[in-house]
2 protein chains.
Amino acid sequence: MLSKRAKYAIKTILFLKDRPEGKPISAKVISENENIPYKFLENILRELRTHRLIKSIRGSEGGYVLAKDPSEISIAQIMRIVDGPIALIPCISEKFYEACAECEDEQTCRIRKMFAEVRAEMVPILERPITAMDKEA
Amino acid sequence: MLSKRAKYAIKTILFLKDRPEGKPISAKVISENENIPYKFLENILRELRTHRLIKSIRGSEGGYVLAKDPSEISIAQIMRIVDGPIALIPCISEKFYEACAECEDEQTCRIRKMFAEVRAEMVPILERPITAMDKEA
DNA sequence: TATTATTCATACCTGTTTGATATGATATAT
DNA sequence: ATATATCATATCAAACAGGTATGAATAATA
């Protein structure tokens, strides 16, 4: 399941996407409009910034704007930043690889094979740009 | 990410699938062969049994066997039994539906729309029979 | 230049979940 | 009877999730 962090992060990105470029949006405004606890949101915003999904402008009249075109942002990117791996098991994650404790031979592990396939089919779904996902039905 | 419960459960199902039918396999044997903590495994086995994925034979020479043909068992089934919802957000889960606390109108929620689509594409991947997933490359 | 609005950084707290163990009862083949 | 199993419930420690607190740094503007 998606964490609240991830959900809030996605909401935030969508919110920024909707605003006219250039004019930064403050954490306060995002927090109030999207019902996200202010301080929690600040943490999330920082993560999104350090990973260059958004840019921040400090001081009065400051705030946040997208750091790239929304067509270059995907759910997968956001999830990886705030939640970590997308892969269902760590031993097949590309960005967050970790060996399984009990696994004796990774090369012949059947579970691994199965989930490598699952991952291969799942990642493209999550890597579509949010501009393609977020439209009217 | 997949929980250890789910991983152990899948390993267990695969293990049982490999054994000749009829002859029950004890928790001890599964535990030793698959490196699963014995008592933890017992819990998992009970869950799998109450959900009719496996059958148990009590007493000496007892153990466990699959309750249905492996072609009728999917990763999705196993995950739902031991981990709960597959959907990334609860408001689109069919078997484990739950409203989002902060959501004002579910019908118009953009996040929900996005993840309904994700779910629709993801579920079929996980619902394939394990017999189709678990084969040589 | 003082004030105000803001981001930035770090640390902390609390409840829940996860992974696992403990204890003991019940059933059955031999 | 005894050994080998499952079955049931309760408990526990560590990790994690969600959220708060405190305060410093920065910049527009009155």
Side-chain angles (χ1 to χ4, degrees), chain A residues 1-9 11-12 16 23-32 34-65 67 79 81-85 88-90 96 98 100-102, chain B residues 1-12 16 22-32 34-65 67 79 81-85 88-90 96 98 100-102:
Chain A
M1 294 273 286
L2 208 66
S3 69
K4 290 218 168 183
R5 288 186 87 79
K7 200 167 147 195
Y8 292 160
K11 283 191 169 185
T12 297
L16 293 180
K23 193 171 150 198
I25 315 287
S26 74
K28 190 169 171 241
V29 168
I30 301 170
S31 161
E32 284 166 359
E34 294 293 336
N35 287 311
I36 306 174
Y38 179 73
K39 276 295 175 183
F40 195 30
L41 176 62
E42 271 195 326
N43 291 337
I44 296 166
L45 286 165
R46 185 148 38 85
E47 279 186 299
L48 293 176
R49 177 182 54 86
T50 57
H51 289 85
R52 316 236 182 274
L53 237 54
I54 63 178
K55 277 187 291 196
S56 66
I57 295 91
R58 299 186 64 161
S60 184
E61 299 290 296
Y64 301 87
V65 291
M79 285 177 66
I81 289 171
V82 301
D83 274 2
L88 289 178
I89 45 177
F96 297 89
E98 218 174 305
C100 300
E102 3 77 65
Chain B
M1 295 272 286
L2 208 65
S3 70
K4 291 217 167 182
R5 286 187 90 77
K7 199 168 149 196
Y8 293 160
I10 295 170
K11 283 191 169 185
T12 296
L16 293 180
K23 193 173 149 198
I25 316 288
S26 72
K28 189 170 170 237
V29 167
I30 301 170
S31 162
E32 283 165 0
E34 296 292 336
N35 288 311
I36 305 173
Y38 179 74
K39 276 295 175 183
F40 194 29
L41 176 62
E42 271 196 326
N43 291 336
I44 296 166
L45 286 165
R46 186 148 37 83
E47 278 186 299
L48 293 175
R49 178 182 54 87
T50 55
H51 289 84
R52 315 235 183 277
L53 239 53
I54 63 179
K55 276 187 290 193
S56 67
I57 295 90
R58 299 185 64 161
S60 184
E61 298 292 297
Y64 301 87
V65 291
M79 286 178 64
I81 288 171
V82 301
D83 274 2
L88 289 178
I89 43 176
F96 297 89
E98 217 173 306
C100 300
E102 3 77 67

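Each chain gets a letter, A, B and so on, in the order its sequence line appears, and its residues count up from 1.
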Task: Qualifying residue for side chain to side chain contact (heavy atoms under 4.5 Å, CB included) with A:Leu53, from A:Thr12, A:Leu45, A:Ile81 - done: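 Considering A:Thr12, A:Leu45, A:Ile81, a side chain to side chain contact (heavy atoms under 4.5 Å, CB included) with A:Leu53 is found only for A:Ile81.
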
[X] [atom1] to [N] [atom2]: how many Å, rounded?
X       : N      : atom1 : atom2 : result
A:Leu45 : C:dC8  : CG    : C1'   : 11 Å
A:Lys39 : C:dC13 : NZ    : P     : 17 Å
B:Ile44 : C:dT17 : CD1   : C1'   : 15 Å
B:Lys7  : C:dA20 : NZ    : C1'   : 16 Å
B:Leu41 : D:dC7  : CG    : P     : 12 Å
B:Asn35 : C:dG19 : CG    : P     : 16 Å
B:Leu48 : D:dT6  : CG    : C1'   : 14 Å
B:Phe40 : C:dA20 : CZ    : P     : 5 Å

Task: B:Lys4 side, atom NZ; A:Cys100 side, atom SG - distance, nearest 0.5 Å - done: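 Going from NZ on B:Lys4 over to SG on A:Cys100, the span is 8.0 Å.
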
Contact list (N/O, under 3.5 angstrom) for nucleotides 25-29 of chain C vs protein:
residue : atom : partner : partner atom : Å
C:dT26  : O2   : B:Arg58 : NH2          : 2.9
C:dA27  : O4'  : B:Arg58 : NH2          : 3.4
C:dT28  : O2   : B:Ser60 : N            : 3.4

Shortest non-hydrogen contact from [X] toward [Y]:
X       : Y       : result
A:Ala6  : A:Asp83 : CB-OD2, 3.4 Å
A:Pro37 : A:Asn35 : CD-O, 4.0 Å
B:Ala27 : B:Tyr38 : CB-CE1, 3.7 Å
B:Val82 : B:Ala9  : CG1-CB, 4.1 Å
A:Ile89 : B:Met1  : C-CE, 4.2 Å
A:Glu42 : A:Lys39 : OE1-NZ, 2.8 Å

Counting only side-chain N and O atoms of [X], is one of them less than 4.0 Å from OP1 or OP2 of [N]?
X       : N      : result
B:Tyr38 : C:dG19 : no
B:Arg5  : C:dT18 : no
A:Tyr8  : D:dG19 : yes

Side-chain donor/acceptor of [X] to base of [N], under 3.5 Å:
X       : N      : result
B:Asp83 : C:dT18 : no
B:Asn43 : C:dT18 : no
A:Lys28 : C:dT7  : no

Open item on the list: Just to be sure I understand the rule, does A:Lys4 reach a base, reach only the sugar-phosphate, or reach nothing, if contact means heavy atoms closer than 4.0 Å?
Closed with: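 Sugar-phosphate contact only.
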
Task: Check: B:Ser56 side chain, B:Tyr64 main-chain N or O, donor-acceptor pair, under 3.5 Å - done: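 The answer is no, because no donor-acceptor pair under 3.5 Å joins these two groups.
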
Open item on the list: Assuming nearest nucleotide by heavy-atom distance, tell me which of A:Arg46 and A:Tyr64 is located more 5' along DNA chain C.
Closed with: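 Closer to the 5' end of DNA chain C: A:Tyr64.
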
Open item on the list: Need to verify one output field. Residue with the more 5' nearest nucleotide on DNA chain D, A:Ser3 or B:Glu42?
Closed with: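 Final value for this comparison: B:Glu42.
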
Open item on the list: What's the closest nucleotide to the side chain of A:Ser26 if the choices are D:dT22, C:dT6, C:dA20?
Closed with: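 So the nucleotide nearest the side chain must be C:dT6.
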
- [ ] Please identify each residue that fulfils side chain to side chain donor-acceptor pair (under 3.5 Å) with B:Lys11, with sequence neighbours left out.
- [x]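 Expected list: A:Glu102.
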
Open item on the list: Rounding to 10°, can you tell me the angle the first-five-pair axis of the helix from C:dT1-D:dA30 to C:dT30-D:dA1 makes with its last-five-pair axis?
Closed with: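 Axis-to-axis angle, ends of the helix: 0°.
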
